[in-house]
Amino acid sequence: MREETKCIESGYTPKNGEPRMIPIIQSTTFKYDTSEDMGKLFDLQASGYFYSRLQNPTTDFVAAKIAALEGGTAAMLTGSGQAASFYSVFNIAGAGDHVVASSTIYGGTYNLFHVTMRRMGIEFTFVDPDCSDEELEAAFRPNTKAVFGETIANPALIVFDIERFAKAAHAHGVPLIVDNTFATPINCRPFEWGADIVTHSTTKYMDGHDATVGGVIVDSGNFDWKAHADKFPGLTTPDESYHGITYADQFGQGGAYITKCVAQLMRDLGAVQSPMNAYMLNLGLESLAVRMQRHCENAMKIAQYLEKNENVSWVNYPGLPGNKYYERAKKYMPEGTCGVISFGVKGGRSAAETFMKHLRLAIIATHVADAHTCVLHPASSTHRQLTDEELVAGGVAPDLVRLSVGLENADDLIEDLEQALASI
Ligand SMILES: *Cc1c(COP(=O)(O)O)cnc(C)c1O
């Protein structure tokens with residue numbers, strides 16, 4: 001099946017007389033006839049359900065659909081994208097370990113790594129995603145356990161060189177984890193370029209309608225944990241907290257990582273996605289392919305319009321010919337990139353504020369990547385306490401406006417931008 005078909009058909013196949021739509025199994029618990037039946041589930045000797053903190057049929061159907069879309073062997077939903085990022089690393093790295101991460105990842109992920117996970121004893125080295133081979137090589141340590149990057153960085157819109165980072169990670173015997181939120185599997189499938197684990201904030205395009213916060217982790221099944229057994233004892237030696245199971249032996253290369261992540265991290269940390277939210281996420285997934293196409297078409301038209309507007313000083317959109325990442329985007333995302341654009345308003349901070357005030361259709365929100373066009377001027381909202389000099393040092397220009405292009409008619413959006421820009 002191709003991606004458009006998988007959006008509709010994968011993950012759940014009703015049997016004779018069963019509901020066509022993924023059923024919402026809104027139940028915390030599941031009933032068994034004998035204690036032995038349930039015991040087998042607890043020992044992971046049989047597959048099935050006993051408690052929805054660990055697994056639930058509705059969330060599993062949706063996770064299986066996303067695994068199919070990414071071309072992976074196993075997947076699990078999480079309560080948020082943050083939980084997915086955290087679990088994806090913490091599943092294979094603990095106190096005393098080290099991780100190499102791209103420096104331009106989403107701010108929330110950066111804080112999670114740089115502040116919270118550092119307090120747990122994990123060290124991170126952040127590298128410029130366009131650094132030299134020598135710099136990248138120098139970032140690795142004997143205790144490095146993973147490399148982490150973002151397909152299209154939010155909000156910098158830098159395209160990550162997945163193939164290059166995968167080669168570097170594998171040369172050091174560790175997996176590459178890629179946050180594929182902005183591109184979605186419709187536009188990029190990181191596993192085809194060597195990534196081993198993919199994460200998403202499903203809150204963004206996958207849900208696509210501002211309805212549910214969620215995340216997902218997908219395993220490619222390609223990383224050979226046993227070949228690097230000394231680095232990953234959690235997967236290759238018995239788990240005493242789970243009846244002495246060795247995940248890599250019992251669940252194989254395609255199942256070990258996700259099974260461990262559910263059995264240990266979901267058990268102990270509990271950031272589950274509810275069946276109701278998973279049901280709504282699935283509604284978003286069914287139209288993901290058609291929506292992504294429209295998001296990209298609209299964003300391209302608007303980026304081209306902005307480039308020609310005299311009140312706009314610069315436009316950053318990786319789909320735009322002439323963009324620094326255009327060639328790399330064409331390689332990894334030949335069908336399109338995403339719907340997010342950033343641009344500069346001539347006249348700096350105050351001109352940008354005037355522009356924002358006059359928008360009628362585009363709403364002011366910190367959110368991105370959904371059906372409604374939304375816009376953010378960091379210098380007058382999220383970053384308003386900083387001076388112009390501090391903003392520049394932090395990589396956020398005072399005139400920078402981030403525009404997440406939705407699914408409205410592009411001409412309506414252009415008319416809105418036109419009158420707001422004319423007001424400056
Ligand atoms: C929003 C976002 C996250 C965090 O996801 P939440 O669902 O908000 O927890 C992680 N990565 C990227 C790229 C994001 O845009």
Salt-bridge criterion met for Glu9 and Arg20 (N-O under 4.0 Å): yes

Validation row: Ile105, Asp179 side chains within 4.5 angstrom (heavy atoms): no

Could you tell me whether the side chain of Thr202 and the main chain of Gly214 form a donor-acceptor pair under 3.5 Å? yes

Would you mind reporting whether Ile197 and Val178 have side-chain heavy atoms less than 4.5 Å apart? no

With rounding to the nearest 0.5 Å, note down the distance linking CG in Leu285 to OG in Ser10. 10.5 Å

Does Thr73 offer a backbone N or O that forms a donor-acceptor pair with the side chain of Asp219 under 3.5 Å? no

Measure from the side-chain N and O atoms of Gln253 to the backbone N and O of Gly221, and report whether any donor-acceptor pair falls under 3.5 Å. yes

Does Ser52 reach the main-chain N or O of Ser27 with its side chain, forming a donor-acceptor pair under 3.5 Å? yes

Hey, mind stepping through Asp249 and Lys226 against salt bridge (charged side-chain N to carboxylate O under 4.0 Å, His left out) and telling me if it holds? CA-CA 9 Å; Asp249 287 339; Lys226 285 169 115 175; 2.6 Å; yes

Knowing that exactly one of Glu3, Glu286, Glu70 qualifies, which makes a salt bridge (Lys or Arg N to Asp or Glu O under 4.0 Å) with Lys65? Glu286

Would you say the side-chain atoms of Thr58 pair up with the backbone N or O of Pro23, donor to acceptor, closer than 3.5 Å? yes

Heavy-atom distance under 4.5 Å between the side chains of Phe148 and Val100, does that happen here? no

Smallest heavy-atom separation, Pro318 atom then Val159 atom, equals CB-CG2, 3.8 Å

How far apart are the C-alpha atoms of Glu297 and Arg294, what are their side-chain angles, what is the distance that settles it, and do they pass the salt bridge (charged side-chain N to carboxylate O under 4.0 Å, His left out) test? CA-CA 5 Å; Glu297 267 172 33; Arg294 179 65 168 267; 5.0 Å; no

Can a salt bridge be assigned to the pair Glu327 and Lys330 using a cut-off of 4.0 Å between side-chain N and carboxylate O? no

Output field: ring centroids Phe160/Tyr332 closer than 6.0 Å: no

Between Phe30 and Tyr49, how do the two ring planes meet: parallel, tilted or perpendicular, split at 30° and 60°? tilted

Donor-acceptor side-chain pairing of Ser404 and His367 below 3.5 angstrom: no

Please check: side-chain N/O of Asn180 versus main-chain N/O of Thr151, any donor-acceptor pairing under 3.5 Å? no

Looking only at heavy atoms, the pair that brings Gly94 and Ile122 closest together is O-CG1, 3.4 Å

Please determine if Arg349 and Asp388 form a salt bridge, counting it only when a charged side-chain N lies under 4.0 Å from a carboxylate O. yes

4.5 Å side-chain heavy-atom contact, His243 and Leu44: no

Within-4.5 Å side-chain heavy-atom neighbours: Thr59 and Phe61: no

Output, in order, the C-alpha distance, side-chain angles, deciding distance and verdict of salt bridge (charged side-chain N to carboxylate O under 4.0 Å, His left out) for Arg360 and Asp416. CA-CA 6 Å; Arg360 293 177 193 146; Asp416 189 32; 5.6 Å; no

Value rounded to 0.5 Å, distance of CG in Leu359 from CG in Leu403: 8.5 Å

Is any side-chain heavy atom of His200 less than 4.5 Å from a side-chain heavy atom of Pro185? yes

Main-chain N/O of Tyr317 paired with Asn323 side-chain donor or acceptor, under 3.5 Å: yes

Least distance between heavy atoms, Val262 atom then Gln55 atom: CG1-CG, 4.1 Å

Between Asp210 and His372, is any side-chain donor less than 3.5 angstrom from a side-chain acceptor? yes

Val99 and Val147, any side-chain heavy atoms less than 4.5 Å apart: no

Donor on one side chain, acceptor on other, Glu135 and Ser132, under 3.5 Å: yes

Between atom CG of Leu400 and atom OG of Ser342, what is the distance when rounded to the nearest 0.5 Å? 5.0 Å

Could you check whether Arg53 and Thr28, counting side-chain N and O atoms only, form a donor-acceptor pair closer than 3.5 Å? no

Please determine whether the number of non-hydrogen atoms from other residues, nucleotides or ligands lying under 6.0 Å from atom NE2 of His172 exceeds 12. yes

His170 side chain to Ala166 main-chain N or O, any donor-acceptor pair under 3.5 Å? yes

Does a salt bridge link Asp133 with Arg164, judged by any charged N lying under 4.0 Å from a carboxylate O? yes

Verify the neighbour count for atom CZ of Arg384: are there more than 12 heavy atoms of other residues, nucleotides or ligands below 6.0 Å? no

Do Glu408 and Thr373 have a side chain donor and acceptor closer than 3.5 Å? yes

Here the gap from Asn56 atom CG to Ile25 atom CD1, rounded to the nearest 0.5 Å, amounts to 7.0 Å

Return yes when atom CD of Glu307 has more than 12 non-hydrogen atoms of other residues, nucleotides or ligands closer than 6.0 Å, and no otherwise. yes

Yes or no on side chain to side chain donor-acceptor pair (under 3.5 Å) for Trp314 and Asp399, after CA distance, side-chain angles and deciding distance? CA-CA 10 Å; Trp314 55 268; Asp399 64 347; 3.2 Å; yes

Mark yes or no for whether His377, through its side chain, and Pro398, through its backbone, hold a donor-acceptor pair below 3.5 Å. yes

What's the separation between atom OH in Tyr305 and atom CG in Leu417, rounded to the nearest 0.5 Å? 6.0 Å

When you measure from the side chain of Asn143 to the backbone of Gly96, do you find a donor-acceptor pair of N or O atoms at a distance under 3.5 Å? yes

Nearest non-hydrogen partners of Met292 and Thr337, listed with the distance: CE-O, 4.3 Å

Hydrogens and angles aside, do Asp128 and Ser103 bring a side-chain donor and acceptor to less than 3.5 Å of each other? no

Which of these passes ring-ring contact (aromatic ring centres under 6.0 Å, His included) with Phe232: Tyr247, Tyr257, Phe223? Phe223

Over all atoms of both residues, closest heavy-atom pair of Ser47 and Leu41: C-CD2, 3.6 Å

Under a 4.5 Å cut-off applied to non-hydrogen side-chain atoms, are Thr116 and Phe86 in contact? no

Is there a side-chain contact (heavy atoms from CB on, under 4.5 Å) between Glu353 and Met356 once you walk through the steps? CA-CA 5 Å; Glu353 281 181 52; Met356 296 289 288; 5.7 Å; no

Are the charged groups of Arg328 and Asp130 less than 4.0 angstrom apart, N to O? yes

How about Phe113 and Phe124: are their ring centres within less than 6.0 Å of each other? yes

Taking all atoms of both residues into account, what is the closest heavy-atom pair of Ile177 and Ser88, and its distance? CD1-O, 3.6 Å

Using the six-membered ring of Tyr12, assess whether NZ or CZ of Lys6 lies under 6.0 Å from its centre and within 45 degrees of the ring axis. no

How long is the gap from CG on Asp207 to CG on Leu281, to the nearest 0.5 Å? 6.5 Å

